[in-house]
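First comes the structure, then the notes that go with it.
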There are 2 protein chains.
Amino acid sequence: MSNREMISVDEARALVLDQSRPLAQVETPLAAALDGILAVDARSDVDSPPHDKSVVDGYALRAADLSDGRGELAILEEVTAGQMPTHSVTVNACTRIMTGAPIPAGADAVVMIERTELLADDRVRIDDPRCVAGQNIMPQASSLRQGEVVVHRGTRLRPIDIGLLAETGHAHVRVFDRPRVAMLATGNELVAIDQQPGPGKIRNSNSHLLASLLAQAQARPAPLGIARDDRSALREAIERGLDCDALLLSGGVSAGVLDLVPAVLAELGVQAVFHKVRVKPGKPLWFGVHERAAHRCLVFGLPGNPLSGLVNFELFVRPALRTMQGETDVTPAYERARLGQEFRQRGTRQTYYPATLRRQAMSSTITPVEWRGSADLRGFAAANALAMFPAGERRFDEGEEIDVLPLQDVRG
Amino acid sequence: MSNREMISVDEARALVLDQSRPLAQVETPLAAALDGILAVDARSDVDSPPHDKSVVDGYALRAADLSDGRGELAILEEVTAGQMPTHSVTVNACTRIMTGAPIPAGADAVVMIERTELLADDRVRIDDPRCVAGQNIMPQASSLRQGEVVVHRGTRLRPIDIGLLAETGHAHVRVFDRPRVAMLATGNELVAIDQQPGPGKIRNSNSHLLASLLAQAQARPAPLGIARDDRSALREAIERGLDCDALLLSGGVSAGVLDLVPAVLAELGVQAVFHKVRVKPGKPLWFGVHERAAHRCLVFGLPGNPLSGLVNFELFVRPALRTMQGETDVTPAYERARLGQEFRQRGTRQTYYPATLRRQAMSSTITPVEWRGSADLRGFAAANALAMFPAGERRFDEGEEIDVLPLQDVRG
């Protein structure tokens, strides 16, 4: 197949997303909902704050009782957070108040305790030249109003969202289920990672790399091990994988003699959607769908070279997983940055090259790393982003602005 | 205490880090090591690739046998990945080869199958005008050499690192243990989140917000619930918390009448290190250490206002947790960005204000959000970063460059 017959990255992604569906919604305890996608708008059942409240420790008083911020007032009572006042604040009186406590009727300002001096006989001296009405008071409902939507459907829940949901009584939330994704490595050259590779063999790094990418993407990896280049073993393993929401096969889709995978998939009723994309690395990507009553499995045939698989994952698999979890805008988030050194694009395919992205106020720079190609994990490890170079032979100059796909930040 | 007597953010962080120690190292299966910190340099026990290998499907041949990239050669055998060649490649001969397979002796280039045509009698026609010696061959050890360090101690493991460790046989890795962190909320105004708050009450959002921040920081939250403003209940709960690597108390450290927490901590032998930091929000932060034979617990007394707690978490708690997990450079990673609108700094404390950060090639911009202060979770939810304004009353102009602390990216 010539490059002209291959589909583009955008076309391939559109075909994948066309086949992707949101999963079922599940009720989950709030403690387990971080990074999940909210399936239903969450409303507040309270005003926040529930009453005018003090934001400092000090005295609630009437600003008009002070002259240039000074005065001496009688203390009526103390109100702590959780208590309700029992007195209204009258002329030349005040209430000792703690952070979070309700403002008594009659008071219109709170003076911080640092600006007061306790006197004998339950009296206090105030000295707060800047005191104005409304000071240090957070009005009722100024943060949230009862009935308002506090977190919208489609939000991927961050700690702040968890805090909001807790404040408004959502001890359980409906989120979209997290995809179960099977991984099967194929190839007679592979051994398990706890084995010593003999002549001609290498360890199965793909399954572990993909499992990590899946965990990072909030999916649940279901490893199926290594299938040998043997039709019946392959068929049996793939059948198990089709029970999941997606199946990632690594190896088995290049042009070689032993590429049994597409034929076995067809046998099992997996409908082919496309094979080969005009992208580098990752050209041999195969994609299809298996449907039966009430269950759908997206099947991705990834190349054997681990970084080809990684780039395909970022461009095509991750958006599919995000769609399954209920996100609607799933196009990868490109940034713009200026090349830190020139790059010679030779190819006829859109190219993703590992690079280091440095963000600064005035100019983010992107610098390709030393890399020996799609089997070179070690070279790739110096990168934190993929620099995207459109197809077409030309030189990109140092300082030229290009699109960049940051890799998922490390969480810690 | 006046602002002059309070310590600065940098001083406070230095005191916290001075008390922070790496936790024990644990052997963990690779599948569970993502986001952990590697405790020991990991070396490769193999060359990668283990032999000169083909990076494409095609024919391994001698470049000198081609004339302007053309020729007709005899096919000696097929070698797939995992097999060893049994023939050397001699003059005008070649070997059919698959991606990943070892290069036969005598061959010095591989031509992609797309540039060939199979003929009768085990012969093949080559047409590859650009063919040069070394083409499509990844030399032995060009990615990794046996004995080299592949992932360094102190690395927080990303998917690419997991792939490298898998490739080099590290089915188990030594990582630093993840901190167990207890959380205790204090205050008579709090109810559990599944309760309806009565007059003057609010729900305990702090514990859930903090639990999420802890999970995000790779710590293991151990919630202790709500302790009432009652000395003996407080003491009992705190004692349980001191068994963890850190204890976060929310509420109980402001200037109010019922702030029992510092006294109870002293009773239990927690050594106070500091109280109050010249920062906004988050001034009332209390910090101390509890040590006994072979166990150390860092105790943070966070203010009751949830966003005061969040800012203190980002500035002080997260770096402590990173140190416990074996990281050495734990200062929060500030970025520079230009203000999207002016900001009037009125205070005498270094100020952290929620804002939205937009990254672009030529100018990252940071725009403060509408926010009603440290109890306003909803206003804060629009932010993805904290804009940092040094102390000192002045106006920061639109377009002025400032420091920004991005909040942890959402993972998905």
Side-chain angles (χ1 to χ4, degrees), chain A residues 30 34-35 55 57 80-84 98-100 102 113 138 142-144 156 158-160 162-164 166-167 171 187-189 193-194 199-201 203 205 208-209 212-213 215 218 254-256 258 306 335-338 359-361 364 372 375-378 380-381 401 409-412, chain B residues 30 34-35 57 80-84 98-100 102 113 138 142-144 156 158-160 162-164 166-167 171 187-189 193-194 199-201 203 205 208-209 212-213 215 218 254-256 258 306 335-338 359-361 364 372-373 375-378 380-381 401 409-412:
Chain A
L30 193 58
L34 180 66
D35 293 331
V55 297
D57 297 315
T80 61
Q83 288 179 332
M84 297 303 289
M98 308 306 155
T99 307
I113 193 166
M138 191 178 177
S142 54
S143 178
L144 292 174
R156 195 178 280 279
R158 308 157 297 167
I160 188 72
I162 299 292
L164 266 167
E167 184 178 20
N188 287 346
E189 76 278 23
I193 68 166
D194 59 353
K201 312 288 190 208
R203 291 187 177 98
S205 59
H208 294 267
L209 173 60
S212 293
L213 289 168
Q218 304 303 316
S254 302
L258 291 177
E335 285 180 36
R336 301 283 291 171
R338 302 183 112 187
R359 293 174 174 129
Q360 292 145 23
S364 293
R372 285 201 155 270
D376 181 16
L377 286 162
R378 213 281 194 81
F380 195 99
E401 211 178 285
D409 280 13
V410 170
R411 176 74 67 73
Chain B
L30 193 58
L34 181 67
D35 292 331
D57 297 315
T80 60
Q83 289 179 330
M84 298 302 290
M98 307 308 155
T99 307
I113 193 165
M138 190 178 179
S142 55
S143 178
L144 292 172
R156 195 179 280 277
R158 308 157 297 166
I160 189 70
I162 299 293
L164 266 168
E167 184 178 18
N188 288 346
E189 76 277 26
I193 67 166
D194 58 355
K201 314 287 190 207
R203 291 187 177 97
S205 60
H208 294 267
L209 173 59
S212 293
L213 289 168
Q218 304 303 319
S254 301
L258 290 179
E335 284 181 36
R336 301 282 290 172
R338 303 182 112 187
R359 293 175 174 130
Q360 291 146 23
S364 293
R372 284 199 155 271
D376 180 17
L377 286 162
R378 209 287 194 77
F380 194 100
E401 211 178 285
D409 280 11
V410 169
R411 173 76 64 75

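Given the structure is predicted, the values throughout are model-derived calculations rather than measurements. Within every chain, numbering begins at 1; the chains are lettered A, B, ... in the order of the sequence lines, protein sequences first and strands thereafter. The basis for the numbers below is simple: all heavy atoms, side chains too, and nothing from hydrogens, waters or symmetry mates.
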Problem set entry | Option that, when pairs with chain B are counted at under 4.5 Å, heavy atom only, ranks first among A:G200, A:S143, A:G100, A:S142 | A:S143

Exercise. Among B:D194, B:I162, B:I160, B:L213, which has the most heavy-atom pairs under 4.5 Å with chain A?
Worked result: B:I160

Exercise. Most heavy-atom pairs under 4.5 angstrom with chain B, which of A:P306, A:A375, A:P102?
Worked result: A:A375

For this session: With rounding to the nearest 0.5 Å, note down the distance linking CD in B:E167 to CZ in A:R203.
Result: 8.5 Å

Exercise. Looking at side-chain heavy atoms only, is the closest gap between B:L164 and A:R378 below 4.5 Å?
Worked result: yes

Seminar exercise, completed: Counting heavy-atom pairs under 4.5 Å with chain A, the top scorer among B:L377, B:L144, B:L209 is B:L377

Problem set entry | Engaged part of B:P199 at the chain A interface, taking heavy atoms whose separation is under 4.5 Å | both

Seminar exercise, completed: The side chain to side chain donor-acceptor pair (under 3.5 Å) partners of B:E189 (sequence neighbours excluded) come to none

Exercise. Got a donor-acceptor contact below 3.5 angstrom from the A:T99 side chain to the A:D57 backbone?
Worked result: yes

Exercise. Under 3.5 Å, is there a donor-acceptor pair between the side chain of B:R158 and the main chain of A:A381?
Worked result: yes

